[in-house]
Amino acid sequence: FYAHTEDGNLVFEGVFAVDYSFKEISRYLIELYGNQDDIAVFVVEAAEPHYLIATSTSQDIMYANVKANDPLTLCEPESEEEGEECTTVRVSGADLGAFDTDPWHPIASKALQEQAKLNFPSQETVLVKENEHDFDAATYFSQSIRYKKDDLEWIILAISPM
């Protein structure tokens, strides 16, 4: 905001508030970490069900257009034309792998669930296997940190292949 000086000039005093959309935060993460095979970053709400805030993998996964009677099934564009009722929902960390084909999303969902079981231990690495029943399945490191500011509390989750 600006304030008037005694001589009538405007002087910049500071910023009252800054709002960023989820897409803007994702764009920033994509700029830093996008299109990399060795790391992915996810930001989720700390409160269950850990709604997705941003990700370094996609700008368009925070919301999903799903069937009203089946919230884990995406509505195809022709579904609404055929009279099927669809609704837009926020995507939770647990449902992350259900709505698209990005290879990081199922791993992120598993990592988030494992981290949540341990109450998101800061500075502790939690291992996540792509498939718990397959000895040769890929294993990933995951680390989380809490971000708190006023009433806002997020979990920042970084995942990297072993």
Side-chain angles (χ1 to χ4, degrees), residues 18-120 125-149 151-162:
V18 176
D19 291 327
Y20 291 102
S21 71
F22 294 161
K23 281 189 177 190
E24 288 175 88
I25 297 169
S26 279
R27 266 187 238 132
Y28 175 74
L29 290 175
I30 289 168
E31 189 176 302
L32 291 177
Y33 303 106
N35 298 322
Q36 293 189 26
D37 293 334
D38 60 347
I39 190 167
V41 178
F42 297 84
V43 181
V44 297
E45 291 181 358
E48 294 227 13
H50 307 296
Y51 286 122
L52 193 62
I53 301 298
T55 171
S56 66
T57 63
S58 173
Q59 294 180 38
D60 299 322
I61 192 63
M62 277 60 81
Y63 296 93
N65 193 30
V66 298
K67 294 181 179 182
N69 62 350
D70 185 4
L72 290 179
T73 302
L74 287 173
C75 269
E76 301 300 326
E78 61 273 2
S79 296
E80 290 184 289
E81 292 171 9
E82 295 171 358
E84 188 153 15
E85 193 174 331
C86 298
T87 186
T88 300
V89 297
R90 288 189 64 194
V91 174
S92 71
D95 296 333
L96 187 57
F99 296 118
D100 69 341
T101 58
D102 188 294
W104 280 107
H105 293 173
I107 298 299
S109 181
K110 288 179 182 183
L112 181 68
Q113 291 173 45
E114 291 302 313
Q115 290 272 348
K117 287 179 193 174
L118 301 170
N119 198 27
F120 300 101
T125 300
V126 176
L127 296 180
V128 179
K129 284 194 73 101
E130 194 170 44
N131 181 343
E132 297 85 22
H133 306 292
D134 182 357
F135 180 76
D136 293 326
T139 303
Y140 294 80
F141 295 107
S142 69
Q143 246 185 337
S144 63
I145 189 167
R146 287 183 185 268
Y147 172 82
K148 287 184 182 183
K149 183 154 174 80
D151 292 336
L152 182 72
E153 187 173 357
W154 291 348
I155 302 294
I156 301 168
L157 180 68
I159 306 167
S160 183
M162 200 166 153

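For Ile107, the side-chain contact (heavy atoms from CB on, under 4.5 Å) partners two or more places apart in sequence, or in a different chain, are Glu130, Tyr140, Ile159. For the ring-ring contact (aromatic ring centres under 6.0 Å, His included) test, no residue two or more places apart in sequence or in another chain qualifies with Tyr51. Partners of Thr73 under the side-chain hydrogen bond (donor to acceptor under 3.5 Å, both in side chains) rule, at least two apart in sequence or in another chain, are Asp70. Partners of Phe141 according to the side-chain contact (heavy atoms from CB on, under 4.5 Å) rule, which considers only residues two or more places apart in sequence or in another chain, are Thr125, Leu127, Met162. Remark: Asp151 pairs with no residue by the side-chain contact (heavy atoms from CB on, under 4.5 Å) rule, at least two apart or across chains. The side-chain contact (heavy atoms from CB on, under 4.5 Å) check on Val91 picks up Ala64, Leu96, Phe99, with sequence neighbours excluded.
Smallest separation of non-hydrogen atoms from Pro103 and Pro106: O-CD, 3.6 Å. Pairing each heavy atom of Ala111 with each of Val128, the nearest pair is CA-CG2, 3.5 Å.
Using cut-offs of 30° and 60° for the angle between ring planes, the Phe42 and His105 rings count as perpendicular.
For the atom pair CG of Leu74 and CG of Asn65, the computed distance is 8.0 Å after rounding to the nearest 0.5 Å. Here the straight-line distance linking atom CH2 of Trp154 with atom CG of Leu52 works out to 11.0 Å at 0.5 Å rounding. The structure places OG1 of Thr139 at 10.0 Å from CD of Glu132, a figure rounded to the nearest 0.5 Å.
Side-chain contact check for Glu114 and Ser142: no donor-acceptor pair (N or O, by modelled atom type) lies under 3.5 Å.
The side-chain heavy atoms of Leu157 and Leu112, taken from C-beta on, include a pair separated by under 4.5 Å. Under the 4.5 Å side-chain criterion, counting only non-hydrogen atoms from C-beta, Arg146 is in contact with Asn119. Looking at heavy atoms from C-beta onward, Cys75 lies in side-chain contact with Lys67 at the 4.5 angstrom threshold. Counting only heavy atoms from C-beta outward, the side chains of Ile53 and Glu45 approach each other to under 4.5 Å.
Here the side chain of Ser92 pairs no donor or acceptor atom with the backbone of His50 at under 3.5 angstrom. Put simply, the side chain of Thr87 never gets that close to the backbone of Ala68: no donor and acceptor are under 3.5 Å apart. Checking side-chain atoms of Ser109 against main-chain N and O of Gly93 turns up a donor-acceptor pair under 3.5 Å.
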